[in-house]
Structures are given as structure tokens and as C-alpha cells.
Amino acid sequence: MSGFQLAVRLASEAARALDDPARAMAAQAWVGGGAPAFAAELDRRRRALAAALEAALARLADEGDAVPSLAGPATYLGAARGVFAGVEPAQLHRLVNGLAAAADELPRAAHSLGAPGVAAIGVWSADRSDDLRRRLALIQRDDAALAPAPLVAFGLYGGHAPSPAADLLTRAAAGDTGALARLLDLQRRAADPTLAARVNAWWRLLDPSSRDRALTSLPGLGLLDGLPAAVRDRANRALLAREKTRLAVLLTTVPADPHLWLTWPGFLDRALHELRHVKAIEDGLAAGGRNGRPPALLLSFDTRALGQAVISFGDPDAADRVVAYVPGLNTRLASFGGDLNRAAVLWDQAHYFAPGQRIASIAWLGYRAPQIDWQLNVPGRSVAADGAAEVGARSLVSLADGLRASHDPSRSAKLTVLGHSYGSLVTGKAATLRPGGFADELVFVGSPGVGVRSAEELGVGPGRVWVGEAAGDPVADFARFGNDPGDDSFGARRFYVEKGPFYATFGAHSDYWNDHSRSLKNLAHIVNGDYHRVTENAEGQP
């Protein structure tokens with residue numbers, strides 16, 4: 001093994017020094033008070049550590065030596081800022097000990113690699129470890145010990161700041177369907193970044209009989225972001241079955257008197273239309289479990305109008321890698337099968353490359369996508385305007401809030417959001433609604449613009465915005481919404497996409513998921529975090 005390879009091994013080990021403290025914070029070792037600021041500082045130090053180690057390796061590298069990316073995925077952090085403080089002692093011990101271990105390890109790595117910035121992070125770790133150890137000793141000396149539940153923030157302490165959600169959740173637990181409707185309205189507005197966490201804590205603290213009662217008495221319960229994915233699937237499948245039965249009964253009991261149709265214009269068409277949407281969802285769910293895929297989970301749906309559905313191949317709560325695919329122009333539930341297939345084949349490819357990873361691939365049609373129809377120029381519906389994206393972004397943000405709230409806090413996870421076509425604009429706007437807290441990574445393909453001038457404005461880490469553009473894709477050259485993400489000045493990382501046939505026009509806009517294509521393989525490598533395997537040019541070079 002060469003000297004540079006030994007240096008890479010040492011740097012790779014040192015880069016993980018703050019991972020366990022971050023996982024302890026994700027397990028809600030400490031919430032409220034100064035915890036949010038500490039969690040943010042810990043995340044900045046983890047990123048700075050990786051950057052300092054990469055810089056040290058770059059100085060040591062000879063010509064031809066490849067410097068790997070050492071930045072690991074951000075963990076889902078705990079509750080947001082509040083007016084109280086609480087700890088879970090066992091996890092806080094883990095946090096303290098992890099920081100102490102980092103304080104011991106990092107100075108040695110800094111000396112071996114010639115990286116003073118790494119030593120400074122070791123000093124920071126030592127200071128924080130000592131400070132938190134003193135705090136923990138004071139807490140444990142108090143007989144009125146704080147409850148050790150990891151949900152202390154929104155459960156036993158009633159939440160951070162006052163919120164209408166707290167009362168609504170209490171009423172919903174008693175079977176109040178009006179309270180559930182208001183919660184779903186709050187969710188659609190995405191104004192409260194703590195809502196999904198409150199929902200998750202509320203559910204986990206209910207006793208089994210209360211949970212069963214809620215599932216029975218609250219149709220639509222599974223639409224709430226923040227509930228465990230398995231619970232949502234159970235509730236939504238039951239609701240889908242009820243909708244199917246209701247529509248079938250309506251169609252068999254249509255009044256025979258033709259004059260009555262005058263009072264119900266379009267009644268039959270609407271019922272048949274919704275029944276076709278039910279069938280589309282059932283077909284999508286049936287794609288789970290095929291070819292080694294995990295079962296599909298139904299996270300949300302709406303059979304009305306153009307229809308909506310959110311289906312996950314794999315359980316996002318237990319996954320190491322989660323990717324949410326956001327489709328664009330002309331997507332509707334009746335033709336959602338192609339988009340579901342894109343999420344499915346991305347799972348297939350990512351799993352093929354990393355069979356040891358737990359992967360969840362989500363097809364997200366959670367908004368009314370612009371259509372090529374008579375409403376093409378209607379404000380709020382047109383593909384040439386951002387009104388539909390503004391509305392969709394709020395729903396997409398709520399999905400991300402829910403994925404963080406329901407994910408197993410003891411496991412690290414990387415969330416990638418993949419926006420295609422107009423869906424990339426939805427994704428960009430969602431990222432700006434939760435700066436630094438939306439996703440770990442963003443990928444744009446066939447993008448007409450994402451609503452910002454540069455990748456830096458999207459709030460994810462450096463090098464975590466990717467773009468792929470097929471030659472001949474007219475939408476990718478549109479640049480309607482902000483700067484072109486494929487332009488060098490935007491600051492995104494490019495990945496290679498094959499050139500389509502010379503006669504390809506709009507077809508190139510949909511070829512990114514073609515079987516055996518370089519673009520599909522690159523997407524899978526990005527989802528898996530295997531950035532060194534991503535090809536950026538026709539020669540297959542990273």
C-alpha cells in the first residue's frame with residue numbers, strides 16, 4: 001500500500017470522528033434550549049472536518065492520485081428550537097463520549113496529515129465534551145429527572161412554541177374528523193416546520209387502543225406527514241379500498257330516470273374517472289415486490305381531478321438512502337405508471353450497485369402538475385409560470401419534514417430529492433422554504449430552471465447539487481426560471497447523459513431512466529453516495 005493510500009485510509013477514519021455524536025443528536029440526546037444551535041454547529045464542524053481532510057489529501061497527492069469525497073450524509077436532526085430543554089441521559093452520555101473520542105483522535109490525524117484545521121476541530125470537541133459532561137452530572141444529580149423518552153420535545157413537554165396543532169391532535173385522538181381536516185390544511189401550507197414532528201410524537205405516545213380507534217374513526221389519517229410509513233400505508237390502503245367500494249356502489253345505483261342526470265352533470269364521468277385513478281394506484285402498488293424489490297407503501301393519494309399519489313418502494317423510515325422523485329409537465333395520476341416505473345428502476349439500479357444498503361425510492365405526485373390542455377395559460381396552472389410550483393413546493397417540504405420526523409433516529413440517512421422538468425422548479429422552491437433543512441442532496445434532470453441564480457442558494461452542502469442534461473432536450477435549454485442549472489456559472493456538478501438519436505426532439509426529455517443507460521447508473525451512484533463512480537463525460541471519467 002502506497003503512502004498516499006495510507007493517508008486516505010487515515011483521513012477516511014478521521015472524517016467519521018463526529019458521526020456518532022451526530023447520531024446521538026439525531027436520537028434526541030438533547031432537545032430545546034441551546035440544542036438546535038449545537039446541532040447546527042456540530043453539522044458545520046462535520047462538514048469542515050471533511051473539507052480540511054480532503055484539502056490535506058490534495059496536498060499529499062501525486063499526479064494521478066484521486067482524492068475521495070469524505071463528506072458523509074447529514075443525519076436527520078432532532079426537534080427544532082423551543083422554550084424548554086430536556087435530555088435523554090443515555091444518549092447524552094453517548095454524545096459526550098463520542099466528542100471525547102474525537103478530541104483524542106483528531107490531533108493525531110492532524111499531525112500525521114499536516115492539517116491544523118483538523119486539530120482545531122479536535123479542540124472544539126474537547127471543549128464541548130467537557131461542558132456537556134458537567135451539564136449531565138448536574139442533571140443526573142436532580143431526583144426530578146427528565147423523562148428519558150426520545151420524544152420528550154413534543155410529547156411530555158407539550159411542544160416547543162405554542163401551536164394550534166397541539167389542540168388539534170388532542171381532538172383528533174378523540175375521533176374529531178374536523179380536527180384532522182384542519183391538520184391537513186396546516187400541512188398543505190407548510191408554515192410550521194415542527195408539525196410533522198408533533199404528529200409523530202403524538203402517534204408514538206398513543207396507547208394501542210387509541211391508535212386502533214384513530215385508524216378506524218379518522219378516514220384520511222394516513223395522509224398526515226410524520227406518521228410512520230407503515231402506519232400510513234395501512235391507513236391509506238384501507239381508505240383506498242373504501243373509495244373503490246363507494247365508487248362501485250355509486251355506479252350500480254345510478255338513477256334510471258334520465259331526467260335526473262340534468263341535476264348531476266358529469267356524475268357518471270367523474271365516478272368512472274376516479275375509479276380509473278384507484279386502478280392506477282393499485283397497479284403502482286403491485287409493482288412493489290417484483291424483481292426483488294421491497295413491498296410498495298402508499299404514503300398519500302387523492303383520486304379527485306387530475307389525481308395525486310405518493311408511493312415508496314422500500315420503507316423510508318428504516319432506509320439508509322432515500323430518494324424522492326418529483327415529476328413535471330403533464331403528469332397526472334391516470335398516466336402515473338411511467339413515473340412510478342422511474343422510481344422503481346432507480347431502486348433496482350441503486351440496489352444492484354449497493355445490495356447492502358437499505359434504499360427507499362419514492363414516486364411523488366403530491367401536487368397539480370401543469371398540463372398541456374385548455375388551461376395552459378391559466379395563472380397558477382401554466383407551465384410557463386411558477387404558481388403550480390409554489391403550491392407544490394409546500395407539499396414537497398411537508399413530505400421532507402415527515403421523512404425526518406418518522407425516520408429511525410438511531411440510523412443515519414441521506415435524503416436525495418430528484419426533480420425532473422417542471423418538477424425541478426418545485427424542488428428548488430421547496431429547498432428555499434427550508435434553508436439547510438430540506439434535503440441532503442438535490443438532483444435536477446431536464447430542468448427549465450429551479451428558481452434561483454446559483455446552487456449555493458439552495459441550502460445544501462457544497463458539491464451536493466447535481467444536474468444532468470441530454471443533448472436535444474429542449475426543456476433543459478429553456479432557462480425560464482432563474483439561471484440554467486446546467487451552466488457552469490450555476491455551480492452544480494454535472495453528470496454524463498448519453499446523446500439521443502439525431503432525430504430525437506422532445507423524446508430526449510424523458511430518456512434519463514432508460515435501461516442500461518449511463519444516466520440511470522449515474523443517478524443510482526448519486527443516490528448511494530458513491531460519488532467517485534459518477535461519470536461526468538463520455539469517456540467515463542469522474
Side-chain angles (χ1 to χ4, degrees), residues 76 172-173 180 183-184 187 195-197 199-204 206 208 210-246 277-303 307-326 333 336-337 339-344 346-347 351 358-366 395-396 398-409 411 413 415:
Y76 293 134
L180 176 61
L183 284 166
L184 291 171
Q187 178 174 288
L195 178 59
V199 169
N200 185 264
W202 165 77
W203 178 260
R204 294 189 181 281
L206 287 178
S210 296
R211 291 181 180 180
D212 290 340
R213 184 167 58 251
L215 286 166
T216 302
S217 62
L218 294 173
L221 178 68
L223 306 180
L224 278 176
D225 291 313
L227 290 179
V231 173
R232 300 185 71 173
D233 180 64
R234 175 185 169 189
N236 288 329
R237 284 178 186 260
L239 180 59
L240 185 69
R242 286 196 292 272
E243 282 295 290
K244 184 177 182 179
T245 299
R246 180 184 68 83
H277 282 171
V278 171
K279 179 66 164 57
I281 294 171
E282 290 177 336
D283 290 345
L285 293 172
R290 295 177 186 168
N291 303 322
R293 293 174 196 148
L297 301 176
L298 181 57
L299 302 184
S300 183
F301 76 94
D302 187 345
T303 60
Q308 297 183 13
V310 181
I311 294 177
S312 178
F313 297 100
D315 184 354
D317 294 347
D320 306 305
R321 301 289 184 261
V322 181
V323 55
Y325 159 62
V326 184
L333 187 50
F336 195 43
D339 298 281
L340 283 166
N341 185 63
R342 290 173 180 175
L346 182 52
W347 186 95
H351 175 72
R358 295 185 183 181
I359 300 165
S361 183
I362 300 171
W364 185 85
L365 178 57
S395 294
L396 184 57
S398 183
L399 171 82
D401 289 344
L403 291 174
R404 284 195 301 276
S406 61
H407 191 271
D408 179 354
R411 300 180 65 91
L415 172 61

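Computation of the quantities below employed the complete heavy-atom set of this structure, encompassing side-chain atoms and omitting hydrogens, waters and symmetry-equivalent molecules. If you read the sequence from its start, that first residue is 1, and numbering goes on from there. It should be emphasised that the depicted structure is a prediction, and the values quoted were computed from it without experimental measurement.
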Do [X] and [Y] have side chains that approach each other closer than 4.5 Å (heavy atoms only, starting at C-beta)?
X	Y	answer
D339	L365	no
L215	V231	yes
S361	R342	no
E282	R237	no
W203	L221	yes
L195	L183	yes
L223	L180	no

Atom pair [atom1]/[atom2] of [X] and [Y] - distance to nearest 0.5 Å:
X	Y	atom1	atom2	answer
I362	W347	CD1	CH2	14.0 Å
K244	H277	NZ	NE2	15.0 Å
H407	D320	NE2	CG	7.0 Å
R234	L298	CZ	CG	14.5 Å
L239	R246	CG	CZ	9.5 Å
D233	L240	CG	CG	10.5 Å

Distance-minimising heavy-atom pair for [X] and [Y]:
X	Y	result
F313	G288	CE2-N, 3.7 Å
N236	G222	ND2-O, 3.1 Å
G284	L340	CA-CD1, 3.5 Å
L297	P316	CD1-CD, 4.1 Å
L218	A172	CD1-O, 3.2 Å
S312	L299	CB-CD1, 4.1 Å

Which residues pass the ring-ring contact (aromatic ring centres under 6.0 Å, His included) test with Y325, sequence neighbours left out?
W513
D302 side-chain N/O to Q308 backbone N/O, donor-acceptor pair under 3.5 Å:
no
Side chains of R213 and S210: do they bring a donor and an acceptor to under 3.5 Å?
yes
In chain order, what residues pass the side-chain hydrogen bond (donor to acceptor under 3.5 Å, both in side chains) check against [X], with sequence neighbours excluded?
X	answer
D283	K279
D225	Q187, R232, S398
D315	none

Mind checking what makes side chain to side chain contact (heavy atoms under 4.5 Å, CB included) contact with A173, not counting sequence neighbours?
W202, L206
Is there any salt bridge (Lys or Arg N to Asp or Glu O under 4.0 Å) pair reaching into residues 285-294, and which pairs are they, with sequence neighbours excluded?
R293-D348
Side chain to side chain donor-acceptor pair (under 3.5 Å), that's the test. Do S406 and N200 meet it? Break it down for me.
CA-CA 6 Å; S406 61; N200 185 264; 5.2 Å; no
